[in-house]
Amino acid sequence: MAPAIMLAADAPKLSSANTGFMLICSALVMLMTPGLAFFYGGMVRVKSTLNMLMMSFISLGIITLLWVLYGFSIAFGTDRGSLVGWTSGFVGFSGIGKADLWPGYTIPVFVFAVFQLMFAIITPALISGALADRVKFTAWSLFVVLWATIVYFPVAHWVWGSGGWAFDLGVIDFAGGTAVHINAGAAALGVILVIGRRSGFKKDPMRPHSLPLVMLGAGLLWFGWFGFNAGSWLGNDDGVGPLMFVNTQIATAAAMLAWLGYEKIRHGACTTLGAASGAVAGLVAITPSGGAVSPLGAIAVGAVAGVLCAMAVGLKYRFGYDDSLDVVGVHMVGGIIGSLLVGLFASGTGQSDVKGLFYGGGLDQFWKQCAGVFAVLAYSLVASAVLAFLIDRTIGMRVTEDEEVSGIDQAEHAETAYDFSGAGGGVAGTVSALAAAAAGRRSRPDPQSTQSEPDPQSTPSKKVDA
């Protein structure tokens, strides 16, 4: 009887502190999807703004229902062959009691489920940035349903589910470098190879229409990412969550400065878009590694990601794939960098006692990281390309060229982001004043008219294609 009594006494008890903390983290991660919508929405041209926002927002609706119906069961149910999970009680959340705790932790199953739901929501939304300006909204919605079912839910089980092959192998992915960022980046590459380039790619300047909106979105992402990363330890009892919080801030700052330094050396200017993109690159790279590295290691992870991601965004001009908003260059490359650097910078004092090469641990963990990285990359790329091909051959993935040129917002949503034609004295007076001012300026030389348009192939890090 003594062992049974001891086991019962040692069983985890509900922690109100950890439960409250995880609910806050879940809300922070939820906020990241609207933040991503603003980030992407500011980077496209005016005529695509609403479509870009909607491609993120629709994920909040679709993935929530799929997660409740079967996604949580596939990702975190009882293992089936190391590839998927399944627990009938998770279907529709029908077998989950409000007092049931997630095994081995001090938070309810419902809290764990909703936290992981927010990860599932933002992952397909990340893909949308690569497809800006040219995808039917209905086709995108269908793609989200199929991709989440066939790709995200199983991959989440591989990486985080008990019995998943990557989990059992010992692949370290603290908060989603493989399951979220490499997964989404590889999917983006697979889809754009199928659907092709935008009209005018590498010919017309496709600049961000609102850099303040981009900076707002980046700020919301940075803010929400603390919940994304620190919450992934599912509590604060042993200090790993706070370490992840600190490393998130450090790596993001290092990556932003490294990206800006690269821009200044190569192009002679530090841009707001570069600052926002560098910050996101750092957030991506520290996501898989932040629980395993020291604060000094976080600086190294961020700096490496900032420079290499800034270099990677120019590859689309060299190889000719139209990754509209650099999902491949930032999320796929950043995820690869952060995941592989675990094998070099793991200090053995964080989430596990695993040490990387630079801490005397050899290359064993590095090879495990490689297995996880390239398996997820290959599966997501191929599966996503096949899904895009099938949708394109059935209902069609792309809008017509005329709709793309005239504006996908009007074609797909019958709206425009900024409408200055409404009735009313105030609006009409403002428009008239602006028109008069513009007419007066026509008689004076424009000081900016002598500035040449940037060559997209010579300024990749400034994202002139956005």
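- The main-chain N or O of Val44 is never found under 3.5 Å from a side-chain atom of Ser48 such that the two would form a donor-acceptor pair.
- Note on residues 57-80: pairs passing side chain to side chain donor-acceptor pair (under 3.5 Å), not counting sequence neighbours, are Tyr70-Thr149, Thr78-Thr87, Asp79-His157.
- Checking each of Trp160, Phe76, Tyr105 against Phe112 for a ring-ring contact (aromatic ring centres under 6.0 Å, His included) leaves exactly one that passes, namely Phe76.
- Every ring-ring contact (aromatic ring centres under 6.0 Å, His included) that Trp225 has, sequence neighbours left out, goes to His181, Phe228.
- Of the residues listed (Leu390, Ile391, Leu387, Ile62), the one engaging Leu142 in a side-chain contact (heavy atoms from CB on, under 4.5 Å) is Ile391, and it is the only one.
- Side-chain contact between Tyr152 and Leu66: absent, with no pair of heavy atoms (C-beta onward) separated by less than 4.5 Å.
- In the model, Ser324 has a side-chain atom that pairs as donor or acceptor with a side-chain atom of Arg134 under 3.5 Å.
- Heavy-atom minimum distance, Asp409 versus Leu50: OD2-N, 3.0 Å.
- Scored by the ring-ring contact (aromatic ring centres under 6.0 Å, His included) test, Phe137 finds His413 as partners (sequence neighbours excluded).
- Without hydrogens or angle criteria, Asn51 side chain to Ile408 main chain gives no donor-acceptor distance under 3.5 Å.
- Contact detail for Leu243 and Pro295: the closest heavy-atom pair is CD1-CD, 4.2 Å.
- The ring-ring contact (aromatic ring centres under 6.0 Å, His included) test applied to Trp158 returns Trp165, Tyr379, not counting sequence neighbours.
- Between Thr252 and Phe226, the closest side-chain pair of non-hydrogen atoms is not below 4.5 Å.
- Side chain of Arg398 to main chain of Ile195: a donor-acceptor pair is present (N/O by atom type, distance under 3.5 Å, no hydrogens or angles).
- Shown here are the side chain to side chain donor-acceptor pair (under 3.5 Å) partners of Thr138, two or more places apart in sequence or in another chain: there are none.
- In terms of the side chain to side chain donor-acceptor pair (under 3.5 Å) criterion, Ser56 has no residue partners (sequence neighbours excluded).
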**Report entry** Derivation and outcome, side chain to side chain contact (heavy atoms under 4.5 Å, CB included), residues Trp233 and Met244
**Finding:** CA-CA 9 Å; Trp233 198 240; Met244 186 60 171; over 6 Å; no
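- Residue pairs meeting the salt bridge (charged side-chain N to carboxylate O under 4.0 Å, His left out) criterion with at least one partner in residues 362-379, sequence neighbours excluded, are Asp364-Lys368.
- Between the side chain of Lys47 and the backbone N or O of Val405, at least one donor-acceptor pair lies under 3.5 Å.
- Contact of the Val313 side chain with the Trp259 side chain is registered, since non-hydrogen atoms from C-beta on lie closer than 4.5 Å.
- Using a 4.0 Å cut-off between charged side-chain N and carboxylate O, Asp133 and Arg198 make a salt bridge.
- For residues 355-376, the pairs satisfying ring pair (Phe, Tyr, Trp, His ring centres under 6.0 Å) are Phe345-Phe358, with sequence neighbours left out.
- In this structure, the side chain to side chain donor-acceptor pair (under 3.5 Å) partners of Thr106, at least two apart in sequence or on a different chain, are Asn18.
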Report task. Show your working on salt bridge (charged side-chain N to carboxylate O under 4.0 Å, His left out) between Asp322 and Lys316 and close with a plain yes or no. Result -> CA-CA 6 Å; Asp322 186 6; Lys316 61 185 178 184; 5.7 Å; no
Would you list the atom pairs, donor with acceptor, under 3.5 Å between side chains in residues 167-177 and any protein atom, with sequence neighbours excluded?
unit_1 : atom_1 : unit_2 : atom_2 : d
Asp173 : OD1    : Gly176 : N      : 2.8
Asp173 : OD1    : Gly177 : N      : 2.6
Asp173 : OD2    : Gly177 : N      : 3.3
Asp173 : OD2    : Thr178 : N      : 2.9
Asp173 : OD2    : Thr178 : OG1    : 2.4
Asp173 : OD2    : Ala179 : N      : 3.2

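- For the side-chain contact (heavy atoms from CB on, under 4.5 Å) test with Leu189, the passing option among Val327, Asp323, Val328 is Val328; the others fail.
- Residues satisfying the side chain to side chain donor-acceptor pair (under 3.5 Å) criterion with Thr400, sequence neighbours excluded, are Glu403.
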Side-chain donor-acceptor distances from residues 115-129 under 3.5 Å, at least two apart:
unit_1 : atom_1 : unit_2 : atom_2 : d
Thr123 : OG1    : Phe119 : O      : 2.7
Ser128 : OG     : Ala125 : O      : 2.6

